2 protein chains.
Amino acid sequence: MSEATIRDVARRAQVSIASVSRALNGLDNVRAETRDRVLAAASELGYVPHAGARSLSLARAHAIGVVLPDLHGEFFSEFVRGMDREAGRRGYVMLLSNIHDESEQAAAALRAMRGRVDGLIVMAPHLSEAMLRRSLPAGLPSLLINGPEGMEDGPTVRLDNDAAVEAMIAHLVATGRRRIAHIAGPEGNVDARERVAAFRASMARHLPDADPVIVAGDFSEEGGEATARAIIAGQIDCDAVFAANDMMALGCLQALRSAGVDVPGRIAVAGFDDVPLARYLGLTTMRVRIAEMGARAITRLIDILEGKGADDAAERHQAELVVRSTTGARAT
Amino acid sequence: MSEATIRDVARRAQVSIASVSRALNGLDNVRAETRDRVLAAASELGYVPHAGARSLSLARAHAIGVVLPDLHGEFFSEFVRGMDREAGRRGYVMLLSNIHDESEQAAAALRAMRGRVDGLIVMAPHLSEAMLRRSLPAGLPSLLINGPEGMEDGPTVRLDNDAAVEAMIAHLVATGRRRIAHIAGPEGNVDARERVAAFRASMARHLPDADPVIVAGDFSEEGGEATARAIIAGQIDCDAVFAANDMMALGCLQALRSAGVDVPGRIAVAGFDDVPLARYLGLTTMRVRIAEMGARAITRLIDILEGKGADDAAERHQAELVVRSTTGARAT
DNA sequence: TTGTAGGCGTTATCAC
DNA sequence: GTGATAACGCCTACAA
């Protein structure tokens with residue numbers, strides 16, 4: 001019942017455990033015949049090396065810890081898939097952990113990783129820099145994804161929100177929009193903050209005379225619907241809505257249309273992320289290649305772990321403008 | 001730089017490592033003053049126990065391995081979230097691994113878990129029984145989710161496809177449908193197979209005179225569209241389509257509607273899973289509470305690990321009929 | 001109450 | 001080429 005150990009294999013093959021280890025790890029200083037005996041014994045016993053013991057002895061777990069906030073749907077699954085694939089390719093396993101809030105629980109999740117992983121990937125758009133510095137285990141190399149500002153002293157991967165927002169504003173302006181409103185994400189979120197700032201900057205560049213309208217939102221459909229109601233009620237005057245994510249854009253889109261507002265005839269609607277729903281409903285948006293970001297994070301972290309040179313770069317990934325039917329030309 | 005060990009704490013607190021261990025693990029046979037000295041030393045050094053070493057000595061890793069096929073979107077993320085939450089609550093971490101095909105790679109992924117986890121949760125709707133028996137590590141308790149038939153000798157969680165299909169057929173029949181077509185999923189998939197069989201049985205019960213139409217599909221939108229084309233071309237005569245998952249149902253729905261077919265007036269469309277898109281587009285479907293299934297799997301596995309009695313039950317989870325606008329009354 | 005020592009399953013450094 | 005043996009970091013009898 002209990003698993004065979006290297007000792008059992010040694011006994012059965014009539015050799016020392018040292019030889020078993022050598023044979024199984026493919027070292028060349030073993031006689032061919034010895035190797036065969038060991039291999040045979042191992043397979044007869046169904047022996048599988050104990051990864052825990054192995055990593056203790058090697059001081060290498062061949063595992064990386066991934067700490068994520070509450071992500072949803074395609075975003076989460078694509079991200080994890082990208083990481084898992086790359087990790088698997090390099091011979092690492094992935095230890096996944098969700099953190100839900102700012103509290104102790106996050107620190108605990110990080111602590112629980114010590115001694116089981118060789119490095120950490122942390123996505124924490126809502127954690128503060130102080131919090132992060134306090135709870136990141138000292139000896140563990142870690143890479144931050146979309147982390148808070150001011151943590152660029154270590155390796156980092158993040159979305160280039162400035163370029164993305166600029167691309168969208170340029171598109172809206174090019175298709176004749178002049179009064180563009182932005183639905184922002186939650187304040188605690190770094191991406192949301194960056195997008196608002198980028199929106200301001202971009203608007204100042206393209207439409208210096210316009211007064212940029214910014215509506216508060218929370219990344220949920222409901223936020224978009226509220227904005228739509230305000231537009232319909234005449235409280236917001238705009239000919240385009242650019243939401244900080246797709247769900248808000250879709251909520252807004254649906255509310256506008258069911259109120260009989262012509263989209264894109266009278267008002268253009270655009271989002272951010274390119275969730276499947278966006279494609280399905282023809283929403284213009286910025287596509288984020290999240291699986292790729294995950295894979296890159298893993299690649300860089302493993303490169304660091306395996307000593308392919310220090311790497312403290314702040315890598316920015318570009319989003320891609322996807323024009324669909326919610327931002328066509330405006331009605332004249 | 002390199003992490004402090006229990007020895008460093010012992011030295012600093014001027015006690016033996018045994019006392020450190022006792023103090024840190026909350027055993028009561030330590031003098032209060034000793035405990036305080038240890039705690040102080042530990043926190044000064046920022047000491048965090050080495051989980052790997054700990055699990056080697058305890059023979060318990062407090063980790064469970066989760067092996068999944070290629071799942072997508074909300075299905076994957078909800079499932080993982082359900083498991084992660086429950087695991088975290090019980091003090092376990094989750095080791096995630098995707099397997100993509102039937103080959104060696106699956107066996108390797110399972111092997112890589114040995115010595116790092118206490119138990120395994122395997123979701124493998126596409127692996128054969130033989131394959132599974134061959135590669136499941138002997139000494140590792142494992143629980144199968146939606147596994148192949150014939151593996152009910154161990155603990156198991158699966159969807160009750162029979163009841164789900166029966167509920168949907170009953171609903172369709174009750175709303176006046178008589179010629180119901182089923183779009184099946186890929187043949188290698190257990191759920192798809194079960195749904196086809198259940199469809200046959202259910203049809204025989206409700207409409208013994210009807211000749212059940214079954215169209216091949218592959219769980220993708222495209223499969224649904226093909227079916228829609230066949231219907232429009234008159235190759236399939238039906239007044240209702242019940243697809244084995246939502247994506248196919250949605251593909252079919254969209255193709256039908258854009259060809260001007262009245263849904264549900266002329267043809268009713270129903271799916272399976274209740275993905276967010278289904279809710280959004282008003283698709284009638286069977287809701288699968290996947291997070292709950294994940295949580296239950298974790299709960300049961302941990303109960304087994306912690307010796308709360310053996311548990312070889314084959315637990316079936318019920319899906320829930322969600323009636324929306326694609327299956328209203330038919331036009332008369 | 002505390003400390004010493006052995007063991008968990010490996011790998012690596014020595015001798016031989 | 002092979003075999004003892006000392007780590008790796010922790011827990012836990014057993015002794016004191």
Side-chain angles (χ1 to χ4, degrees), chain A residues 2-39 41-42 45-63 111-118 137 139-140, chain B residues 2-39 41-42 45-63 111-118 137 139-140:
Chain A
S2 67
E3 309 270 325
T5 79
I6 197 174
R7 248 178 285 272
D8 301 321
V9 179
R11 196 167 319 138
R12 185 174 247 265
Q14 308 265 36
V15 297
S16 73
I17 60 171
S19 289
V20 175
S21 176
R22 285 190 281 253
L24 259 31
N25 289 307
L27 302 203
D28 51 352
N29 51 349
V30 253
R31 225 180 347 148
E33 194 231 313
T34 309
R35 175 193 316 282
D36 293 346
R37 275 225 309 285
V38 170
L39 259 39
L45 290 170
Y47 169 75
V48 179
H50 188 288
R54 198 149 194 276
S55 75
L56 187 58
S57 168
L58 288 174
R60 226 112 203 1
H62 279 272
R111 250 196 313 271
M113 296 284 185
R114 135 95 169 158
R116 5 177 72 123
V117 303
D118 300 324
L140 263 190
Chain B
S2 68
E3 310 269 327
T5 76
I6 195 174
R7 248 178 288 273
D8 301 322
V9 179
R11 198 166 320 137
R12 184 174 249 265
Q14 309 264 40
V15 296
S16 73
I17 60 170
S19 290
V20 175
S21 174
R22 286 189 281 251
L24 258 32
N25 289 308
L27 301 206
D28 51 353
N29 50 351
V30 253
R31 223 182 349 151
E33 192 231 315
T34 308
R35 173 192 320 280
D36 293 345
R37 275 224 310 285
V38 169
L39 260 38
L45 291 171
Y47 169 74
V48 180
H50 188 289
R54 198 146 196 280
S55 76
L56 187 58
S57 119
L58 289 175
R60 267 151 156 330
H62 280 272
R111 249 194 315 271
M113 297 285 184
R114 136 95 169 157
R116 4 177 72 123
V117 303
D118 300 325
L140 264 190

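In what follows, every chain begins at residue 1, and chains take the letters A, B, ... in the order their sequences are listed. Please read all numbers here as calculations on a predicted model, not as lab measurements.
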Chemist: Under a 4.5 Å cut-off applied to non-hydrogen side-chain atoms, are A:D8 and A:R11 in contact?
Modeler: yes
Chemist: Report the distance from atom CD of B:E33 to atom C1' of C:dT2, rounded to the nearest whole Å.
Modeler: 13 Å
Chemist: What integer distance in Å separates B:N29:CG from C:dG3:P?
Modeler: 12 Å
Chemist: Rounded to the nearest angstrom, tell me the gap between atom CG in B:L24 and atom P in D:dT12.
Modeler: 13 Å
Chemist: In Å, rounded to the nearest 0.5 Å, how long is the span from NE2 of A:H50 to CD of A:E3?
Modeler: 8.5 Å
Chemist: Are A:R31 and A:V15 packed together at the side-chain level, in the sense that at least one heavy-atom pair is separated by less than 4.5 angstrom?
Modeler: no
Chemist: Distance-only, no hydrogens or angles: does the A:S55 side chain make a donor-acceptor pair with backbone N or O of A:G52 under 3.5 Å?
Modeler: yes
Chemist: Whole-Å distance between D:dA6 P and A:L56 CG?
Modeler: 17 Å
Chemist: Nearest whole angstrom, please: distance from the C1' of C:dG9 to the CZ of A:R11.
Modeler: 13 Å
Chemist: Send over the distance from B:R116 CZ to C:dG9 P, rounded to a whole Å.
Modeler: 16 Å
Chemist: Find the distance A:R35:CZ to D:dT2:C1' and express it as a whole number of Å.
Modeler: 13 Å
Chemist: Whole angstrom is fine here: how far is it from CG in A:D36 over to C1' in D:dG1?
Modeler: 15 Å
Chemist: Would you find a donor on one side and an acceptor on the other, under 3.5 Å apart, between the side chain of A:R114 and the backbone of B:V48?
Modeler: yes
Chemist: What N/O pairs connect the protein and nucleotides 10-12 of chain C at under 3.5 Å? Give each pair on its own line.
Modeler:
from   : atom 1 : to     : atom 2 : distance (Å)
C:dT10 : OP1    : A:Y47  : OH     : 2.8
C:dT10 : OP1    : A:H50  : N      : 3.0
C:dT10 : OP1    : B:R114 : NH2    : 3.4
C:dT10 : OP2    : A:I6   : N      : 2.6
C:dT10 : O5'    : A:Y47  : OH     : 3.2
C:dT10 : O2     : A:S57  : OG     : 3.0
C:dT11 : OP1    : A:N25  : ND2    : 3.1
C:dT11 : OP1    : A:R54  : NE     : 2.6
C:dT11 : OP1    : A:R54  : NH2    : 3.4
C:dT11 : OP2    : A:S21  : OG     : 2.7
C:dT11 : O4'    : A:S57  : OG     : 2.7

Chemist: Is there a side-chain contact between B:L39 and B:L24 (heavy atoms, below 4.5 Å)?
Modeler: yes
Chemist: May I ask you to say what A:T34 touches in the nucleic acid, namely base, sugar-phosphate or nothing, with a heavy-atom cut-off under 4.0 Å?
Modeler: sugar-phosphate
Chemist: Give a yes/no answer on whether the side chain of A:S16 brings an N or O atom under 4.0 Å of OP1 or OP2 in D:dA4.
Modeler: no
